[in-house]
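Nothing here was measured: the structure is a model prediction, and the numbers come from that model.
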Amino acid sequence: MALPFSRSADFAVDKAAGEPCRNLGADFRCGIHRDLRRKGFPGCVAYDCFGAGQKVSQVVYEGHDWRRRPGSAREMFAVFPVVRQLHELLWYLAEALALPAARPLHADLRALQEETERLTRGAPEEILAVDVAACRERVNPLLLRASELARAGLRGKNRRGADLMGANLKGADLRGADLRGAYLIGARLKGADLRQADLIGADLRGADLSGADLTGSLFLTRSQVGAAQGDAATKLPPALEHPAHWTGR
């Protein structure tokens, strides 16, 4: 309901922000949830709100929904994307705190984690006043430093922001590589070694991760995994599960 999407390889139809998806049921469930990919909505399968939807509906608006309170809809839909971005930052901060090598940064990471969590629990008008860009500017240097500490000694390749769309990286040694913001759309990464690689912001849509080893990869999200292809031999960090559409899962 809240977010827009455009007809593309990820979505079968156009939908404006604030307009109900045609597949949204009266019970707020998706009417084609089990067939999303087959019916042209792989973008929905890959999407992850990082728990922001639950936070907004159950905490910020105390369980009141936009159908019973239509007057709150516009405000609620504006609050949601702000909280979603803050929850994404919380995910990354939690990931950084789980890195033993980043222990020297833990105090600063926890302080930002607590501050960011507090911002997500404000009144709607307080949330709408949050400068998300400023929040990112404070968090990103710590995440970068945590990544550097975790990858120290691995001599990984620096491919930050690289255009690797459709690249043949089958069996490539990318252990400890800096792939922040890299474009890996449709890349062939079958059997690649991506252990301890920094994948924050990397675009993995359609990438073939069959048999790839992503053990210990840094800042990999469920959304990135869901947008890629893989199989039962693909190794993921413990916090992530093989998506239903992967072969032989």
Side-chain angles (χ1 to χ4, degrees), residues 10 42-43 45-51 84-102 105 109 113 136 139-231 233-243 245-246 249:
D10 293 318
V45 178
Y47 180 74
D48 187 0
C49 74
F50 296 96
R84 194 266 178 196
Q85 292 181 78
L86 294 175
H87 268 232
E88 182 180 12
L89 290 179
L90 287 171
W91 169 275
Y92 291 139
L93 287 166
E95 289 285 291
L97 281 165
L99 299 173
L105 306 174
L109 287 166
Q113 185 183 49
R136 288 189 181 278
V139 171
N140 283 340
L142 279 177
L143 297 181
L144 179 58
R145 182 58 183 147
S147 172
E148 291 170 345
L149 290 172
R151 295 182 294 112
L154 294 176
R155 299 181 179 180
K157 298 176 181 178
N158 183 359
R159 306 306 301 271
R160 185 184 303 184
D163 184 352
L164 298 170
M165 290 191 290
N168 184 7
L169 298 168
K170 181 179 179 179
D173 181 4
L174 294 168
R175 186 176 183 185
D178 184 350
L179 290 164
R180 287 174 152 243
Y183 295 94
L184 289 159
I185 302 169
R188 286 165 284 175
L189 289 158
K190 187 173 183 177
D193 187 350
L194 288 154
R195 288 176 291 171
Q196 282 78 49
D198 186 341
L199 291 164
I200 194 168
D203 194 335
L204 293 169
R205 284 177 293 168
D208 183 3
L209 297 175
S210 301
D213 190 348
L214 293 97
T215 306
S217 57
L218 307 177
F219 308 121
L220 181 66
T221 67
R222 190 191 72 84
S223 181
Q224 288 171 300
V225 171
Q229 299 292 330
D231 60 14
T234 306
K235 297 179 181 178
L236 296 175
L240 298 173
E241 298 179 351
H242 286 202
H245 69 275
W246 282 14
R249 57 182 287 273

Problem set entry | Pairwise side-chain contact, Arg195 with Lys235, heavy-atom cut-off 4.5 Å (strictly under) | no
For this session: Measure the shortest side-chain to side-chain distance between Val45 and Pro243 over non-hydrogen atoms and say whether it is less than 4.5 angstrom.
Result: no
Exercise. Side chains of Leu240 and Leu214: closer than 4.5 Å at any heavy-atom pair?
Worked result: no
Exercise. Among all residues two or more places apart in sequence or in another chain, which pass the salt bridge (Lys or Arg N to Asp or Glu O under 4.0 Å) test with Arg159?
Worked result: none
Exercise. Between Asp208 and Arg188, is there a side-chain N and carboxylate O pair less than 4.0 Å apart?
Worked result: no
Problem set entry | Ala197 backbone acceptor or donor facing Ser217 side chain under 3.5 Å | no
Seminar exercise, completed: Smallest heavy-atom separation, Ala96 atom then Ala102 atom, equals O-CB, 3.7 Å
For this session: Would you confirm whether Asn140, through its side chain, and Leu143, through its main-chain N or O, come within 3.5 Å as a donor-acceptor pair?
Result: no
For this session: Answer yes or no: is there a donor N or O on one side and an acceptor on the other, between the side chain of Arg222 and the main chain of Tyr47, under 3.5 Å?
Result: yes
Seminar exercise, completed: Taken to the nearest 0.5 Å, the spacing of Leu184 CG from Met165 CE works out to 10.0 Å
For this session: Over all heavy atoms of both residues, which pair between Gly211 and Asp231 is shortest? Give the atoms and the distance, please.
Result: N-OD1, 3.0 Å
Exercise. Looking only at heavy atoms, what is the nearest atom pair of Lys157 and Leu174, with distance?
Worked result: CD-CD2, 4.3 Å
For this session: Name all pairs fulfilling the ring-ring contact (aromatic ring centres under 6.0 Å, His included) condition that reach into residues 186-222, sequence neighbours left out, sorted by first residue then second.
Result: Tyr92-Phe219
Seminar exercise, completed: All heavy atoms of Ala46 vs all of Ala227, minimum pair found to be CB-N, 3.7 Å
Problem set entry | Sequence neighbours excluded - ring-ring contact (aromatic ring centres under 6.0 Å, His included) pairs with any residue from residues 166-185 | none
Exercise. Just wondering, do Leu218 and Ile200 contact through their side chains at under 4.5 Å, heavy atoms?
Worked result: no
Problem set entry | Residue of the set Leu99, Leu97, Leu142 for which side chain to side chain contact (heavy atoms under 4.5 Å, CB included) holds with Leu105 | Leu142
Exercise. Do His245 side-chain atoms and Ala228 backbone N/O form a donor-acceptor pair below 3.5 Å?
Worked result: yes
Exercise. Can you check whether Leu199's main-chain N or O pairs, donor with acceptor, with Gln224's side chain at less than 3.5 Å?
Worked result: yes
Seminar exercise, completed: Shortest non-hydrogen pair, Glu88 vs Arg136, comes out as OE1-NH2, 3.3 Å
For this session: Look at the side chain of His242 and the backbone N and O of Thr234, then say whether any donor-acceptor pair between them is shorter than 3.5 Å.
Result: yes
Exercise. Is Leu90 close to Gln113 at the side-chain level, that is, under 4.5 Å between some pair of heavy atoms?
Worked result: yes
